[in-house]
Amino acid sequence: MFFARKPAVSSGSLTYLGEKCEINGDIHLEGNLRVDGIVHGNVEVLGDMEVSHTGLVEGLEIRARNLIIHGVVKARLMVDGKLSVSKTARLEGDVTAGAIDIEGGAFYTGHMATTDAKSLPGTGRLPELIGREQTGGLGG
């Protein structure tokens, strides 16, 4: 499932952090990143990122084009494309993403906002909400 879609960056630019790997510090990558180990710090990935079921990322912010989480993530997320959270994931932090897909059973706490409702399959034109003007208090 990881990188099922062709990434915009070259396919040879995958960085892999193995299960026994622990990094304390910020990471900036132009390619793709898969985390099976532990990262304590901010992460900026211009390509796609995956945190496996053994992976843990804790920092102030994670930025990625697309992000798949099976493990533990505690950070503010800025995802240009799609955020996928599997049933084994634990996610703590505010999220801004183009689209969000959360599998039943996943743990999540925080605030979410999507930037593109049309990026999810099956979503077409949404009906418009009809708001009411506030008239200055209850009952009036």
Side-chain angles (χ1 to χ4, degrees):
M1 181 170 163
F2 187 58
F3 303 122
R5 293 188 311 173
K6 184 178 177 181
V9 295
S10 70
S11 61
S13 61
L14 173 65
T15 299
Y16 174 70
L17 301 178
E19 199 171 329
K20 304 286 184 189
C21 180
E22 182 171 348
I23 294 178
N24 290 302
D26 297 342
I27 296 174
H28 173 82
L29 289 173
E30 291 189 9
N32 304 307
L33 175 65
R34 179 182 164 105
V35 178
D36 287 356
I38 298 171
V39 176
H40 296 283
N42 301 319
V43 179
E44 182 177 16
V45 178
L46 299 183
D48 297 336
M49 178 177 172
E50 180 176 11
V51 179
S52 77
H53 70 283
T54 61
L56 181 149
V57 180
E58 183 177 21
L60 292 177
E61 186 171 277
I62 297 173
R63 289 181 175 267
R65 182 178 56 197
N66 295 298
L67 176 59
I68 300 171
I69 302 172
H70 301 286
V72 178
V73 171
K74 186 175 182 180
R76 180 179 57 225
L77 304 183
M78 304 295 290
V79 180
D80 293 335
K82 183 177 178 181
L83 168 66
S84 297
V85 182
S86 77
K87 64 184 178 185
T88 61
R90 179 181 178 94
L91 171 58
E92 297 180 36
D94 293 341
V95 173
T96 301
I100 299 170
D101 182 18
I102 299 177
E103 189 174 7
F107 176 87
Y108 173 71
T109 181
H111 173 78
M112 290 186 161
T114 55
T115 56
D116 185 9
K118 295 177 183 171
S119 62
L120 289 175
T123 57
R125 183 182 173 115
L126 299 174
E128 289 188 31
L129 297 172
I130 300 173
R132 288 197 253 177
E133 292 184 30
Q134 294 188 351
T135 58
L138 296 173

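- Neither V79 nor V72 shares a network with the other; the hydrophobic side chains, linked directly or stepwise wherever heavy atoms of I, L, V, M, F, W or Y lie under 4.5 Å apart, form separate groups for each.
- Between N66 and K82, the shortest heavy-atom contact is OD1-N, 2.7 Å.
- Within the 4.5 Å cutoff, side-chain heavy atoms of L91 are placed close to those of L83.
- Among residues two or more places apart in sequence or in another chain, the side-chain contact (heavy atoms from CB on, under 4.5 Å) test is passed with E61 by N42, R63, R76, M78.
- Heavy-atom neighbours of H111 NE2 from other residues, nucleotides or ligands within 6.0 Å: at or below the threshold of 12.
- R34 and L14 get closest at one heavy-atom pair: N-CD1, 4.0 Å.
- For D80 and R65, the salt-bridge test fails: no basic side-chain N is under 4.0 Å from an acidic carboxylate O.
- The same ILVMFWY cluster, assembled from side-chain heavy atoms under 4.5 Å apart, contains both L29 and M49.
- Partner of I69 under the side chain to side chain contact (heavy atoms under 4.5 Å, CB included) criterion, chosen from V57, L77, I62: L77.
- Residue pairs meeting the salt bridge (charged side-chain N to carboxylate O under 4.0 Å, His left out) criterion with at least one partner in residues 84-99, sequence neighbours excluded, are R90-E92.
- Using a 4.5 Å heavy-atom cutoff, the side chains of V73 and L67 are not in contact.
- For the pair V35/V43, no side-chain contact is recorded, criterion being any heavy-atom separation below 4.5 Å from C-beta on.
- Counting heavy atoms from C-beta outward, L33 and L17 have side chains that approach closer than 4.5 Å.
- Summarising the geometry of S86 relative to E103, their closest heavy-atom pair is CA-OE1, 3.4 Å, with the distance given to 0.1 Å.
- Here the closest non-hydrogen pair linking A106 and V85 is CB-CG1, 3.8 Å.
- Taken to the nearest 0.5 Å, the NE2 atom of H53 stands 6.5 Å off from the CD atom of E19.
- The backbone N or O of H70 sits less than 3.5 Å from a side-chain atom of T88, completing a donor-acceptor pair.
- Checked against S84 for a side chain to side chain contact (heavy atoms under 4.5 Å, CB included), the options I102, I100, D101 give a single hit: D101.
- When all heavy atoms of L56 and V51 are compared, the closest pair comes out as N-CG1, 4.1 Å.
- The local environment of NE2 in H40 is crowded, with over 12 non-hydrogen atoms from other residues, nucleotides or ligands closer than 6.0 Å.
- No donor-acceptor pair under 3.5 Å is formed between the side chain of N32 and the backbone N or O of G47.
- Although no hydrogens or angles enter the test, the distance criterion places a donor-acceptor pair under 3.5 Å between the side chain of T54 and the main chain of D36.
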